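To start, the structure under review is shown below, and the notes come after it.
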Amino acid sequence: MRIDKLLANTGYGSRKEVKKLLKQGAVEIGGQKVKSGAAQVDPDAEEVIVLGEVLEYREFIYLLMNKPQGVISATVDEIHETVLDILEFEDAVREPFPVGRLDKDTEGLLLLTNDGKFAHALTSPKKGVTKTYEAIIDQEVTEEDISAFSKGVVLEDGYHTKPADLQVKEHAATEISLTITEGKFHQVKRMFEAVGKKVLFLKRISIGSLTLDETLEPGEYRDMTEKEVKELLQEAYTKNEGVT
């Protein structure tokens, strides 16, 4: 790819700022200084040095965020703050997008990536990757609710959800955990509305085997490890397709 595009995509500034770096002789490819933004580079095979430091290039980024309430899971919004607004410049410039979504008033585990295949694997209904939530409900959750969820409930639009695992916390009958394999709009809230109850607080705590990093405060995020990415992909592709 062009060196100016590589530098812009890895957080070294706008095209104008990158052009200035190149003119200053601050960029080397394979030990040779380059001043033209059109110079071609293979970041996987050639060493690129910028301002004396080796550039670390990754084609894709995978971020794990503890999404706070009040922020929407979108890339652009003219009114509300989005999860991309939280990101540092060097991450935002890679143009990641949310994997699925969490409602504005829902907090917890949200993944962001610029890898479309990874996102599709985790959100495709055919894959059936589980998502677990913790919630506080306005009324006590009963055995009848647990049984109804285990069979799937009918939402207000007539859609019959897939079976879900509803568990009540031992210390309070209004606090629950719920594991689903779908991601319909406002699904958890609508499922409880189907049994005459209202969700007061909602937090996603896991996607597949990946759990929320409790060291992250709301609004903080980190890179996923290679192991985490591989394990999630393996879960998605082996659950229903039998491939690794």
Side-chain angles (χ1 to χ4, degrees), residues 64-65 67 69 71-75 77 80 83 97-113 115-212 231-243:
L64 185 161
M65 175 183 288
K67 177 194 167 298
Q69 292 184 2
V71 177
I72 64 172
S73 301
T75 55
D77 191 275
H80 303 290
V83 290
F97 52 87
V99 179
R101 57 169 290 145
L102 288 180
D103 301 334
K104 181 182 176 183
D105 58 353
T106 300
E107 63 183 63
L109 178 59
L110 180 70
L111 306 182
L112 298 100
T113 187
D115 183 348
K117 290 184 178 180
F118 176 78
H120 177 73
L122 297 185
T123 56
S124 170
K126 293 181 180 180
K127 305 298 184 185
V129 176
T130 59
K131 304 167 188 69
T132 300
Y133 298 80
E134 290 182 341
I136 298 176
I137 312 303
D138 69 337
Q139 305 172 47
E140 290 190 355
V141 177
T142 66
E143 289 295 330
E144 288 76 14
D145 296 330
I146 295 173
S147 177
F149 276 51
S150 71
K151 300 170 186 175
V153 296
V154 179
L155 304 183
E156 82 290 342
D157 61 358
Y159 177 76
H160 194 139
T161 69
K162 292 182 179 180
D165 181 19
L166 174 60
Q167 298 185 16
V168 180
K169 303 290 185 180
E170 291 184 4
H171 61 276
T174 57
E175 297 184 22
I176 62 92
S177 68
L178 176 67
T179 300
I180 61 177
T181 57
E182 303 174 281
K184 298 293 182 182
F185 182 69
H186 291 318
Q187 180 162 342
V188 175
K189 296 175 183 177
R190 292 165 68 199
M191 289 179 75
F192 277 100
E193 288 172 1
V195 294
K197 295 177 169 64
K198 183 178 180 180
V199 173
L200 302 177
F201 169 81
L202 187 60
K203 178 179 181 178
R204 184 158 64 192
I205 60 171
S206 71
I207 298 174
S209 62
L210 180 66
T211 58
L212 177 64
E231 287 182 349
L232 275 184
L233 285 174
Q234 187 173 38
E235 288 176 45
Y237 284 110
T238 59
K239 187 165 186 177
N240 292 311
E241 298 182 12
V243 296

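All values derive from a computational prediction rather than experimental measurement.
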Can you tell me how far the [atom1] atom of [X] sits from the [atom2] atom of [Y], to the nearest 0.5 Å?
| X | Y | atom1 | atom2 | answer |
| --- | --- | --- | --- | --- |
| Gln139 | Thr174 | CD | OG1 | 10.5 Å |
| Asp77 | Ile72 | CG | CD1 | 3.5 Å |
| Leu155 | Phe185 | CG | CZ | 12.5 Å |
| Thr132 | Gln167 | OG1 | CD | 9.0 Å |
| Glu140 | Lys197 | CD | NZ | 9.0 Å |

Give the minimum heavy-atom separation between [X] and [Y], together with the two atoms involved.
| X | Y | value |
| --- | --- | --- |
| Ala135 | Leu202 | CB-CD1, 3.8 Å |
| Leu122 | Leu232 | CD1-CD1, 3.9 Å |
| Leu233 | Ala121 | CD2-CB, 4.0 Å |
| Thr75 | Pro98 | CG2-CD, 4.0 Å |
| Gly100 | Thr123 | N-CG2, 3.6 Å |
| Ala164 | Met191 | CB-CE, 3.8 Å |

Would you confirm whether [X], through its side chain, and [Y], through its main-chain N or O, come within 3.5 Å as a donor-acceptor pair?
| X | Y | value |
| --- | --- | --- |
| Arg204 | Leu109 | yes |
| Ser73 | Leu102 | yes |
| Ser206 | Ser209 | no |
| His160 | Lys151 | yes |
| Ser147 | Glu143 | no |
| Asp138 | Lys198 | yes |

Pairwise side-chain contact, [X] with [Y], heavy-atom cut-off 4.5 Å (strictly under):
| X | Y | value |
| --- | --- | --- |
| Glu134 | Lys169 | yes |
| Glu175 | Phe201 | no |
| Glu107 | Lys67 | no |
| Asp103 | Lys189 | yes |
| Lys104 | Gln69 | no |
| Ile176 | Ile137 | yes |
| Ile180 | Tyr133 | yes |
| Leu111 | Ile207 | yes |

Test log, rule ring-ring contact (aromatic ring centres under 6.0 Å, His included), inputs Phe149 and Phe192: CA-CA 9 Å; Phe149 276 51; Phe192 277 100; 4.9 Å; yes
Residue pair Val83, Leu112: steps toward the side-chain contact (heavy atoms from CB on, under 4.5 Å) verdict: CA-CA 9 Å; Val83 290; Leu112 298 100; 3.7 Å; yes
Whether over 12 other heavy atoms sit under 6.0 Å from His120 NE2: no
Atom CD of Glu156 with >12 non-hydrogen neighbours under 6.0 angstrom: yes
Step-by-step side-chain contact (heavy atoms from CB on, under 4.5 Å) determination, Ile146 to Val168: CA-CA 8 Å; Ile146 295 173; Val168 180; 3.9 Å; yes
Trace of the side-chain contact (heavy atoms from CB on, under 4.5 Å) decision for Thr113 with Phe97: CA-CA 6 Å; Thr113 187; Phe97 52 87; 4.3 Å; yes
Reference residue Glu182; test side chain to side chain donor-acceptor pair (under 3.5 Å); the match among Lys162, Lys131, Gln187: Gln187
Step-by-step side-chain hydrogen bond (donor to acceptor under 3.5 Å, both in side chains) determination, Thr130 to Thr181: CA-CA 5 Å; Thr130 59; Thr181 57; over 6 Å; no
